[in-house]
Amino acid sequence: MTEEKKLQNSEKIAGLNSEELFSSGHRACAGCGEALTLRHIMKAAGRNAIVVAATGCMEVVSTPFPQTAWGVPFIHVAFENIAAVASGIDSALKMQKKRQEINLLAIGGDGSSFDIGFGSLSGALERGHKFTYVCTDTEVYSNTGAQRSGATPFLANTTTSPAGKKIHGKIEPKKPLPLIVASHGIKYVATVSIANFFDLQNKMHKALAIDGPSFVIAYCPCPIGWQHDNSQTINLARLAVQTRVFPLYEIENGVLTFSQKIDEPKPLKDYFQLQGRFKHLSEEEIVQAQAYVNARYEFLLGIEGKKSFDVLY
Amino acid sequence: MKKIEESSIAVAIGAKLARVQVCPMYPITPSTHIQEQIAEFINNGELEAELINVESEHSALSACIGAAAAGSRAFTATSSQGFALMFEVLPITSGLRLPIVMAVANRSLSAPINIWNDHSDAVSARDQGWIQLYVESGQEALDATIQAFKIAEDKKVQLPVMVNLDGFSLTHVFEEIDIPEEKQVDSFLPAYKPEHFLDIKNPKTFGPIAFPDSFMEFKKMQQEAMLESLEIIKKTNSDFAKKFGRSYGNGLIELYRMNDAKFAVIAMGTACGTARVVVDELRAKGKKVGLIKLRCLRPMPVKDLQNATKNLKALAVIDRHVSLGFEGPLFSDLKSIAKENLKIIDFIAGLGGRDVSMKHIHRVFEEIQKAKPKGSWLL
Ligand SMILES: Cc1ncc(C[n+]2csc(CCOP(=O)(O)OP(=O)(O)O)c2C)c(N)n1
Ligand code: SF4
Ligand SMILES: [Mg+2]
């Protein structure tokens, strides 16, 4: 059996949509975690979808005029307003009585979602539009040359938080966006990773079925920004889960459940050593970074299974 | 039906008669009455549309883009700082060729912060590919809102239109307004049926990245559409006149007592009303003076202006905005349009709500009749 056949069969077994609605031929770098994520997200979204994408790597690599990688209606407007554009589409579809038949997705990078488009995201969540917001998190502004974003982790070396002699990378921790989003009292928030394809599919289906806003954040290694070998993209996505750096969970109706509990986490070092962005760290700094990871995971353990966010709506 | 109404309300009535379907709104003085009235219409069930109370003007125009791209008629209103916050989205709207209509209650830009009228918000965006209409009365504001959709949605145009009305000095003024019949408006402006929209049966990509080998072609097409819209604006004005019995010059400019005029003033918006009275007073004394009301700033009605100014000795330009470090922008435009030997004199007036009074306009006419007239700021 050819590799391609094998893949097709395994997809069928899992009930995966074999259609490619984010097709190959786009111009993303080899080993791009974001492009892989979009491919799989679109399998869940299917043909009856409309996509709004933010300025960033994915929009740039997928729509070089006159070509397009998109098999569904697609619109790019700007960097910070996908949630607002989606709001307009949601309202128009409602007026046209077509709302129920269409999966509306707003897809933005971490820069778009954590930083410049945060107000637009928050506004659309508060207004309760029916759409699924997907944040493809590369932990850096990949498109403009790997500058720091609110999603960049503590001590990472980026082009605007360089590992200098005096200051060793980003001195702030990552903004806890999924929890902030959950605080809006929306019905569905999930974290996904391309290393866990089926989990990603299931969560996307759940997100798309919500009659209101839903939010999915995908962990997307970027070989250029993270300075890792492009063969290591899936491995890093998996290690991020196994080290508790990027825990997989869902917050449904305000209650958090882990999709995969990591009882015996791998040491952070295993994950760090594959990436140029952390290579400047001393042992002591790795211990400091580990403390952040532990504290955040413990916070999640603390709210797991409890009515935490549902009181907010 | 005739009714005493505020001009802001007239705009909202115009939008309602145009059967707008999605209205993303964010309040800012002096455009708030438009937004509030639209909200009332929708919440009272008088207008079947979706109101989106967005969290910023940037999002207001962005949501209009989403709605229009999805195939619905979209409308918003703003002013000043809100307009400035939208600026990024202005050229995107026109570049995407979406027929969105926006009412702009013209107001100064901060600092110092000031809520009153001048044209610095809209005029500083004159190069962003929007058709810009400037109106003089509440009636015209209503009529222009309906006309704006007709122009914007014309297959040859496919561009957004701004309906500019002076903040306070028009938005908050009451006058008798003739409200057209719904049925008549429906036959003038049929339902919006776009050729290209976000259609799951026929997927298309909107807003791609264009490299240097295609970007200029996109801009050239926009320029051609802008220039073609000159005829469409005129035709819309005359079609409107046939149906409703009202017209505004030829739709692009209006000439007031210009037949044998040797000295004229050109202005936009409410200053035209004041200038009309001054022209009448001077005409009564036998002076050959007139007024050119510029209704459409972009696209620029070059031929009409050349014709209108060809027999003049001097022309005064009333600019309610200044290109700091240079001169009034309308003045710059007129210099490049009019015949070479025409004396054109610039008057910067009415910034931040300073009255453009009859006294000012008299002074302007006195000045331009001198042998060596000089421009000034009408303080
Ligand atoms: C208003 C505005 N500011 C800045 C930019 C420049 N810019 C384009 S993409 C980008 C970064 C995108 O980062 P992210 O959202 O994380 O997406 P990625 O490229 O990483 O997928 C920036 C800063 C812009 N296009 N618009
Ligand atoms: S720079 Fe990073 S995010 Fe952008 S296409 Fe390349 S790998 Fe993907
Ligand atoms: Mg990124």
Side-chain angles (χ1 to χ4, degrees), chain A residues 21 27 46-53 55 59-96 98-99 101-104 106 116-127 129 131, chain B residues 19-24 26 42 48-74 76 85-86 88-89 91-93 95-96 98 100 192 194 196-211 213-215 217-218:
Chain A
L21 296 167
R27 300 179 181 188
R47 280 212 168 262
N48 289 352
I50 294 178
V51 169
V52 185
T55 312
E59 159 270 329
V60 168
V61 303
S62 67
T63 67
F65 180 81
Q67 299 166 334
T68 182
W70 296 92
V72 299
F74 169 97
I75 184 166
H76 158 251
V77 179
F79 186 22
E80 67 281 58
N81 59 358
I82 50 171
V85 176
S87 303
I89 297 174
D90 174 50
S91 294
L93 294 177
K94 254 191 224 155
M95 282 301 296
Q96 298 166 15
K98 284 198 285 200
R99 190 60 202 92
E101 57 190 79
I102 293 173
N103 288 327
L104 176 58
I116 199 165
F118 182 67
S120 151
L121 167 61
S122 175
L125 298 177
E126 183 265 334
R127 292 189 300 271
H129 289 283
F131 76 121
Chain B
R19 298 195 190 278
V20 295
Q21 293 162 305
V22 180
C23 301
Y26 195 87
I42 293 175
E48 212 186 305
E50 284 282 319
L51 173 69
I52 312 180
N53 282 307
V54 283
E55 75 299 329
S56 78
E57 289 88 352
H58 192 286
S59 284
L61 192 51
S62 302
C64 282
I65 287 184
S72 288
R73 203 170 263 164
T76 189
L85 188 59
M86 277 182 183
E88 185 202 21
V89 199
I92 302 178
T93 313
L96 286 170
L98 294 171
I100 290 161
Y192 177 45
H196 308 285
F197 65 102
L198 297 165
D199 180 7
I200 51 170
K201 294 195 194 87
N202 184 12
K204 287 179 188 151
T205 289
F206 290 70
I209 177 165
F211 292 99
D213 64 354
S214 62
F215 185 83
E217 280 73 7
F218 277 104

Evaluate A:D90 against B:I52 for side chain to side chain contact (heavy atoms under 4.5 Å, CB included), listing each step before the verdict. CA-CA 10 Å; A:D90 174 50; B:I52 312 180; over 6 Å; no
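The contact between B:F218 and chain A is made entirely by side chain atoms (from C-beta outward), counting heavy-atom distances below 4.5 Å. With a 4.5 angstrom heavy-atom cutoff, B:L198 touches chain A via backbone and side-chain atoms both. When heavy atoms are compared at a cutoff of 4.5 Å, B:E48 approaches chain A by way of both its backbone and its side chain. For A:A86, no part lies near chain B; criterion is any non-hydrogen pair under 4.5 Å.
Interatomic distance, B:F197 CZ to A:I89 CD1, rounded to the nearest 0.5 Å: 12.5 Å. To the nearest 0.5 angstrom, B:E50 atom CD is 11.0 Å from A:Q96 atom CD. Here the CZ atom belonging to A:F79 is positioned 10.0 Å from the CD atom belonging to B:E88, to the nearest 0.5 angstrom.
By number of non-hydrogen pairs under 4.5 angstrom with chain A, the leading residue of B:I65, B:L96, B:L61, B:I92 is B:I92. The residue among A:S120, A:S87, A:A49, A:A83 with the most heavy atom pairs within less than 4.5 Å of chain B is A:S120. By number of non-hydrogen pairs under 4.5 angstrom with chain A, the leading residue of B:C64, B:P24, B:S59, B:A63 is B:A63.
The closest side-chain heavy-atom distance from B:I200 to A:E101 is below 4.5 Å. Counting heavy atoms from C-beta on, the side chains of A:E126 and B:E55 never come closer than 4.5 Å.
Of all heavy-atom pairs between B:V54 and A:R127, the closest is CA-NH1, 3.3 Å.
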Considering only distance and modelled atom types, tabulate donor-acceptor pairs under 3.5 Å from the side chains of residues 62-73 of chain A, sequence neighbours left out.
from  : atom 1 : to     : atom 2 : distance (Å)
A:S62 : OG     : A:M58  : O      : 2.7
A:S62 : OG     : A:W70  : NE1    : 2.8
A:T63 : OG1    : A:E59  : O      : 2.9
A:T63 : OG1    : B:I209 : N      : 3.3
A:Q67 : OE1    : A:R27  : NH2    : 3.3
A:T68 : OG1    : A:W70  : N      : 3.2
A:T68 : OG1    : B:T205 : OG1    : 2.6

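In this structure, the side chain to side chain contact (heavy atoms under 4.5 Å, CB included) partners of B:Q21, at least two apart in sequence or on a different chain, are A:M95, B:S72, B:R73.
Here the side chain of A:H76 pairs a donor or acceptor atom with the backbone of B:G207 at under 3.5 angstrom.
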